[in-house]
4 protein chains.
Amino acid sequence: MAVASRERVRRAAVKLFATKGFHGTGIRDLAQAAKLSSASLYHYMGTKEELLAEIMVDCLGRLLETAKATIDGVTDPAERLTRLVTLHVMTHARQPNETRVVDNEIGVLSPRLRRSVVQLRDSYEQLWSDAIDEGLRAGLFHTEQPGVTRIALLEMCNGVARWYSPRGALTLDDLAGHYVQLAMRVLGAPDRG
Amino acid sequence: MAVASRERVRRAAVKLFATKGFHGTGIRDLAQAAKLSSASLYHYMGTKEELLAEIMVDCLGRLLETAKATIDGVTDPAERLTRLVTLHVMTHARQPNETRVVDNEIGVLSPRLRRSVVQLRDSYEQLWSDAIDEGLRAGLFHTEQPGVTRIALLEMCNGVARWYSPRGALTLDDLAGHYVQLAMRVLGAPDRG
Amino acid sequence: MAVASRERVRRAAVKLFATKGFHGTGIRDLAQAAKLSSASLYHYMGTKEELLAEIMVDCLGRLLETAKATIDGVTDPAERLTRLVTLHVMTHARQPNETRVVDNEIGVLSPRLRRSVVQLRDSYEQLWSDAIDEGLRAGLFHTEQPGVTRIALLEMCNGVARWYSPRGALTLDDLAGHYVQLAMRVLGAPDRG
Amino acid sequence: MAVASRERVRRAAVKLFATKGFHGTGIRDLAQAAKLSSASLYHYMGTKEELLAEIMVDCLGRLLETAKATIDGVTDPAERLTRLVTLHVMTHARQPNETRVVDNEIGVLSPRLRRSVVQLRDSYEQLWSDAIDEGLRAGLFHTEQPGVTRIALLEMCNGVARWYSPRGALTLDDLAGHYVQLAMRVLGAPDRG
DNA sequence: CATGAATGAGCCTTCATTCAT
DNA sequence: CATGAATGAAGGCTCATTCAT
């Protein structure tokens, strides 16, 4: 069935791009992993680069939409950030491959394709900036360098995709909970514990 | 002069590996950037992969030695971490390319070469672990997941190489100072300010 | 309707083979131009090469039959040649694509298929040779190299397919008339004008 | 030696492009004929298309320069044309492959490369046009359609590359001489014989 | 009648590397 | 010290063709 093959290609690409990098992944590697001939691959994708861009846009787009929905109507900045961190960390823990591709391979995209990806990423990070800014204004968060703090916080959370393993002792909930605590500390929010 | 050429090759490799990735960098790119023919390149390096490993080992080795020297004799865990963070952040801000190569391209090394790099990295991270553990034991730091906290802290600090620009308003000292504060917060140390 | 599709394929092939060459025309180009899927194409043709041969044989066969009919019963060599030139030039002006395919792509046919095409072409050229020879025998034409003259004349007339455009000022009748004059000159016939 | 290899590539390309067409000639065919690996080919050429353009420009450029030199200072239009026809025919007889490439493969060039080739061809044909026009003005030539006559004449002469064989009975001088006679007839010049 | 799915073979080109000079 | 010349292997991608549906 066509849909299944298309999905196999996508999955194979995500895994391989994440582990071997875009340039380290050959079209033949992709074909083998998708159980297709390298020629058949091209029924389900444009160029290799377009496949990469598609993966990135989908992944980021989904994350952005979910994030918007998650914080919709939530006014408390701390709660907003709690939800953003939880979603972010869980997504990175559950889909480390997608995430690593998005984080590491933006640079290989040609300008045209890169633009749409960067735009999505910026929109997503704006959600964090907004929440942080409001928390600062409300006197809940404290930092002298909001910009640096925001990016440091994001980098900290991104790291999850690089090391978390579901085979370890830590559950997803524990993980997310702990990161929420770390985030609050980074933001200088009064410890709840 | 031989030394100069060798250095040019090294510099070119660092810059290119950092910006285009190992697999995205061709031997011809390297040659062009080093102002040598691609054949001459091989007077100054082994294989492309060996060049990569060399860069990584040098960079990590230097960082490890400097770190050891920096904390030598320092007993206060908070001071130890302060110095580690400062060194780490400054190194990442000053040499973002070397750092990104070390962070991103470990996976392309063959097992033999990878081992020595990983060993260095582990030794380096052990310095952080030790300081954190002692701080916890001394009641200075507070975290329920020391392992997670340590890695989250490191990832946060690594991020500097991905975004800091010396052309911005932030000085290196400001940057390091701010990250020390963030680190202390992450570790649950009482705010000094 | 089957016939219509078959005809669309044929027309598409003629146009594409003429403009891009046989090897420059892909089966997908053909399919797109014929508004069919590339798989459906094969309901209306054998292999790409057989399609080419078919086009050539049809085109040359029609030309040969028409030529035979045109000069049937005509005894005057000058008149015979006049009619051959007129038919030839008009055919080349009206169907430049078919003609160019026949002229340019004979070499790509495998020996088996090529034979039948070459045979038709030879039969056709024989009509010209016969007329010229008789004209010479009758003292109407004058040339020391009948073989060279015949081929030079044919090449001159073939050229029409390469440049004539119906959008220009020249009508088909003007064109043919002028070429008849040129042909008579080439053959050393006394100018009628 | 480098020059020899480069020359072998050129010669191989000319022969193969002429006999099998540009699209019908694979890079591997080229390599085999040039006695090089297909990778080594690229030391001596840019892309396949650039090689084609180079061949065309060189061939046409040489023809144009020689033609200019040949008619330089010659005022008599008939003499000018005699020399043009002689040069043209001899060149086409001696270098049929180059000529066929120029005549048949212009269409495969991308617009940028095509421009320079077409420009050369136009310059060359202008020499013919000028001579013909002057002959007409001088009352030496007679034709009601100078444009058609010129192109018919050129096509007739081009044909030589398609059929002349040095192994036949006809010498180059005979050939050229005969074509001069044919040309004069086409142009309506009074027969000299 | 029509086509999506599939592929082995092949396309042009670049890869990292070696070596004679 | 330096490099042109050379190449086997591999790169991403397209080819003409078949076949089950």
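Model, not experiment: these values are computed from the prediction. First the proteins, then the strands, lettered A, B, ... as listed; each starts at 1.
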| request: Test side chain to side chain contact (heavy atoms under 4.5 Å, CB included) on A:Leu51 and A:Leu30 and set out the steps. | output: CA-CA 11 Å; A:Leu51 174 60; A:Leu30 226 48; 3.8 Å; yes
| Working for side chain to side chain contact (heavy atoms under 4.5 Å, CB included), residues A:Ile106 and A:Arg121 | CA-CA 10 Å; A:Ile106 284 195; A:Arg121 198 191 53 183; 3.7 Å; yes
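One can place NZ of C:Lys48 at 12 Å from C1' of F:dT17, the figure rounded to the nearest angstrom. Distance, B:Leu52 CG to E:dT17 C1': 17 Å, rounded to whole Å. Atom CG of C:Leu51 is separated from atom C1' of F:dT17 by 14 Å (rounded to the nearest Å). The distance between atom CG of D:Leu30 and atom P of E:dG10, rounded to the nearest whole Å, is 18 Å. Spacing between atom CG of D:Asp29 and atom P of E:dC11 amounts to 7 Å, rounded to whole angstrom units.
Judged by closest nucleotide on DNA chain E, D:Met45 is the one of B:Met45 and D:Met45 placed further toward the 5' end.
Remark: side-chain polar atoms of A:Glu50 are paired, donor with acceptor, to backbone N or O of A:Thr47 under 3.5 angstrom. Between the B:Asp29 side chain and the B:Thr25 main chain, no donor and acceptor come within less than 3.5 Å of each other. Without hydrogens or angle criteria, A:Glu49 side chain to A:Ser110 main chain gives a donor-acceptor distance under 3.5 Å.
When every heavy atom of B:Lys15 is checked against every heavy atom of B:Thr19, the shortest pair comes out as O-OG1, 2.8 Å. Summarising the geometry of A:Val57 relative to A:Ser116, their closest heavy-atom pair is CG2-OG, 4.1 Å, with the distance given to 0.1 Å.
Between the OG atom of A:Ser5 and the CZ atom of A:Arg8 there is a distance of 4.0 Å, given to the nearest 0.5 Å.
A heavy atom closer than 4.0 Å to some atom of DNA chain E occurs in no member of residues 100-108 of chain A. Against DNA chain E, the stretch residues 12-28 of chain D makes heavy-atom approaches under 4.0 Å through D:Thr25, D:Gly26, D:Ile27, D:Arg28. For residues 32-43 of chain A, proximity to DNA chain E is found at A:Leu36, A:Ser37, A:Ala39, A:Ser40, A:His43, defined as any non-hydrogen atom under 4.0 angstrom from a strand atom.
The shortest distance between side-chain heavy atoms of C:Gln95 and C:Arg62 falls below 4.5 Å.
Other residues, nucleotides and ligands contribute only 12 or fewer heavy atoms inside 6.0 Å of the CD atom of B:Gln119. For D:Glu7, the CD atom sits in a packed shell: over 12 heavy atoms of surrounding residues, nucleotides or ligands are nearer than 6.0 Å.
Stem list for DNA chain E (at least 3 consecutive Watson-Crick or G-U pairs, distances under 3.5 Å): E:2-21 with F:2-21.
For C:Arg10, the salt bridge (charged side-chain N to carboxylate O under 4.0 Å, His left out) criterion is met by C:Glu54, C:Asp58, not counting sequence neighbours. For B:Phe22, the ring-ring contact (aromatic ring centres under 6.0 Å, His included) partners are B:Phe17, not counting sequence neighbours.
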